[in-house]
Amino acid sequence: QVQLVESGGGLVQAGGSLRLSCAASGRTASTYAMGWFRQAPGKEREFVGAISSSGLARAYADSVKDRFTISRVNANSTVYLQMNSLKLEDMAVYYCAASQKYGRTQSGYTHWGRGTQVTVST
């Protein structure tokens with residue numbers, strides 16, 4: 001089993017930056033691919049980015065590509081989402097998730113955190 005806890009959300013002005021963290025616990029946490037998803041009010045949860053267990057493969061949604069960077073440090077079982085040039089439309093609850101298979105599809109992720117709120121102001 002893998003338990004995931006997100007942190008780092010908060011209030012930021014448009015154009016600013018935030019770094020989200022996802023701490024994974026569990027003996028096999030480093031063997032999982034990890035993903036970030038988000039859900040804005042009234043919208044469905046959507047894919048943001050993913051990173052393979054080795055960290056060598058990464059994928060991003062078109063809406064965040066070139067602004068967001070996903071990384072991981074397996075030594076401390078933590079995954080990060082660096083978010084730069086934040087826009088109003090980035091405001092959402094951000095979720096960390098773990099999967100035994102690297103990919104963009106939500107259904108492939110078997111373990112989920114509770115989420116962290118990111119609020120972007122003008």
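One-based numbering along the sequence shown. Every value quoted in this text rests on a predicted model; they were computed, and no experiment measured them.
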Could you tell me which non-hydrogen atom of Gly9 sits nearest to which non-hydrogen atom of Leu20, and how far apart they are?
N-CD2, 3.6 Å
Same cluster (ILVMFWY, side-chain, under 4.5 Å), Val64 and Tyr102
no
If you define the side chain from C-beta out and look only at heavy atoms, does anything of Gln3 sit under 4.5 Å from His111?
no
What is the distance from atom CD of Gln100 to atom OG1 of Thr31, rounded to the nearest 0.5 Å?
6.5 Å
Nearest 0.5 Å, what's the CG-OG distance between Asn74 and Ser53?
7.5 Å
Do Val73 and Leu56 sit in the same hydrophobic cluster, where Ile, Leu, Val, Met, Phe, Trp and Tyr count as joined when their side-chain heavy atoms come under 4.5 Å apart?
no
If you look at every heavy atom in Thr78 and Ala23, which pair is closest and at what distance?
OG1-CA, 4.4 Å
Do Leu88 and Val93 sit in the same hydrophobic cluster, where Ile, Leu, Val, Met, Phe, Trp and Tyr count as joined when their side-chain heavy atoms come under 4.5 Å apart?
no
Using a 4.5 Å cut-off on heavy atoms from C-beta on, say whether the side chain of Tyr94 contacts that of Met83.
yes
Smallest separation among heavy atoms of Tyr109 and Ser99, with atom names:
CD2-CB, 3.5 Å
Enumerate the disulfide bond (SG atoms under 2.5 Å apart) contacts for residues 65-122, please, sequence neighbours excluded, ordered by first and then second residue.
Cys22-Cys96
Are any of the side-chain nitrogens in Glu46 or Arg38 under 4.0 Å away from the carboxylate oxygens of its partner?
yes
I need the Asn84 CG to Arg19 CZ distance, nearest 0.5 Å.
11.5 Å
Can you pull out every ring pair (Phe, Tyr, Trp, His ring centres under 6.0 Å) where at least one residue sits in residues 43-85? Sequence neighbours excluded, please.
Phe37-Phe47
Below 4.5 Å, heavy atoms only, C-beta onward: do Val79 and Ile70 meet side chain to side chain?
yes
CD1-OG distance between Ile51 and Ser71, expressed to the nearest 0.5 angstrom
6.0 Å
Rounded to the nearest 0.5 Å, what's the gap from OG on Ser52 to NZ on Lys101? Could you check?
14.0 Å
Contact summary for Leu18 and Gly8, nearest pair of heavy atoms
CD2-O, 3.8 Å
Minimum-distance pair of heavy atoms, taken over all atoms of Ser77 and Ala29
OG-CB, 4.2 Å
Shared ILVMFWY cluster between Trp36 and Met34, side chains joined below 4.5 angstrom?
yes
Could you give the distance from CZ (Arg58) to CZ (Arg72), rounded to the nearest 0.5 Å?
10.5 Å
Show your reasoning for whether side-chain contact (heavy atoms from CB on, under 4.5 Å) applies to Lys87 and Arg67.
CA-CA 10 Å; Lys87 304 177 181 180; Arg67 298 188 298 122; 3.8 Å; yes
CD/Glu89: more than 12 non-hydrogen atoms of other groups inside 6.0 Å
yes
Is the shortest heavy-atom distance from the side chain of Ser17 to the side chain of Leu86 under 4.5 Å?
no
Hydrophobic cluster membership, with links at side-chain heavy-atom distances under 4.5 Å among I/L/V/M/F/W/Y: are Leu4 and Val48 in one?
yes
Quick check: do Val118 and Asp90 have side-chain heavy atoms less than 4.5 Å from each other?
no
